[in-house]
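Just below is one structure, and these are the notes that go with it.
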Amino acid sequence: QVQLVESGGGSVQAGGSLRLSCTQSGYTASRACMAWFRQAPGKEREGVAAFRTATQRTYYADSVRGRFTLSHDNAKNTYLQMSSLKPEDTAMYYCAIDEWACNGGSWYIVRDYRYWGQGTQVTVSS
């Protein structure tokens, strides 16, 4: 059984930094698309960043590129270093994994991910 557990969320002032972690267990496929999503109250869940093991490529949403960095431990656990945080980054952050979700570069499609964590809250105050 695949399990994903996020940690590292919290409250920070604008301009600050946080590092989120996603610890996964039970995933056995040879390839993976490992992603971070977020969902603010009243808004749809949106893709933040993803890493595709087959191509070693990392993807970012335009809204976070240059401020957030996705890293990983041998394509097992993922981390999201968030810097220069803005109030609009406030959301519940989720990690997700799927074998095929990054195909065609469409890493940001929520319904393509089979496994999800429970989320960790990030709150950025102005």
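- Listed here is the closest heavy atom pair of Ala91 and Ala40: CB-N, 3.8 Å.
- Ring planes of Trp107 and Tyr59: parallel class, angle under 30° (limits at 30 and 60°).
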Subject >> Criterion side chain to side chain contact (heavy atoms under 4.5 Å, CB included) on Asn77 and Gln24, from CA distance to verdict >> reply: CA-CA 6 Å; Asn77 304 316; Gln24 70 95 348; 4.3 Å; yes
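- Note on Val48: it clusters hydrophobically with Leu18, by side-chain heavy-atom contacts below 4.5 Å among ILVMFWY residues.
- Tyr115 and Phe37 end up in different hydrophobic clusters when Ile, Leu, Val, Met, Phe, Trp and Tyr side chains are linked at under 4.5 Å.
- Val122 has its side chain within reach of Leu20: a pair of non-hydrogen atoms, C-beta onward, lies under 4.5 Å apart.
- Between the OG1 atom in Thr78 and the CG atom in Leu4 there is a gap of 8.0 Å [rounded to 0.5 Å].
- Around atom CZ of Arg65, more than 12 heavy atoms belonging to other residues, nucleotides or ligands sit under 6.0 Å away.
- Distance check, rounded to the nearest 0.5 Å: CD of Glu6 to CD of Gln118 gives 7.5 Å.
- Asp98 places no side-chain N or O within donor-acceptor distance of the main-chain N or O of Ala32, the cut-off being under 3.5 Å.
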Subject >> Steps toward ring-ring contact (aromatic ring centres under 6.0 Å, His included) verdict (Trp36, Phe68) >> reply: CA-CA 11 Å; Trp36 286 92; Phe68 291 11; 9.9 Å; no
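- Rounding to the nearest 0.5 Å places CZ of Arg114 at 13.0 Å from CH2 of Trp100.
- Gln81 has its side chain within reach of Ser17: a pair of non-hydrogen atoms, C-beta onward, lies under 4.5 Å apart.
- Residues Thr120 and Gly9 share a closest heavy-atom pair of OG1-N, 3.1 Å.
- The two atoms that bring Arg31 and Ala54 nearest to each other are NH1-CB, 4.4 Å, heavy atoms only.
- Contact check for Tyr93 versus Met82: side-chain heavy atoms found under the 4.5 Å cut-off.
- When Met34, Gln3, Glu99 are each tested for a side-chain contact (heavy atoms from CB on, under 4.5 Å) with Tyr27, only one passes: Glu99.
- With hydrogens and angles ignored, the 3.5 Å screen pairs a side-chain donor or acceptor of Thr90 with a backbone N or O of Val124.
- Atom CZ of Arg38 is separated from atom CD of Glu88 by 8.0 Å, given to the nearest 0.5 angstrom.
- Under the 3.5 Å distance criterion, the side-chain polar atoms of Tyr60 are left unmatched by any main-chain donor or acceptor of Arg67.
- The two atoms that bring Ala50 and Ala35 nearest to each other are CB-CB, 3.7 Å, heavy atoms only.
- For the atom pair CG of Asn103 and CG of Asp112, the computed distance is 9.0 Å after rounding to the nearest 0.5 Å.
- In this structure, the side chains of Trp116 and Val110 come closer than 4.5 Å at one or more pairs of heavy atoms.
- Between Cys33 and Tyr113 the shortest side-chain heavy-atom distance falls below 4.5 Å.
- Salt bridge annotation for Asp89-Lys86: absent, with no cationic side-chain nitrogen under 4.0 angstrom from a carboxylate oxygen.
- More than 12 heavy atoms of other shown residues, nucleotides or ligands fall within 6.0 angstrom of atom CD in Gln56.
- The distance from the OH atom of Tyr79 to the NE2 atom of His72 is 10.5 Å, given to the nearest 0.5 Å.
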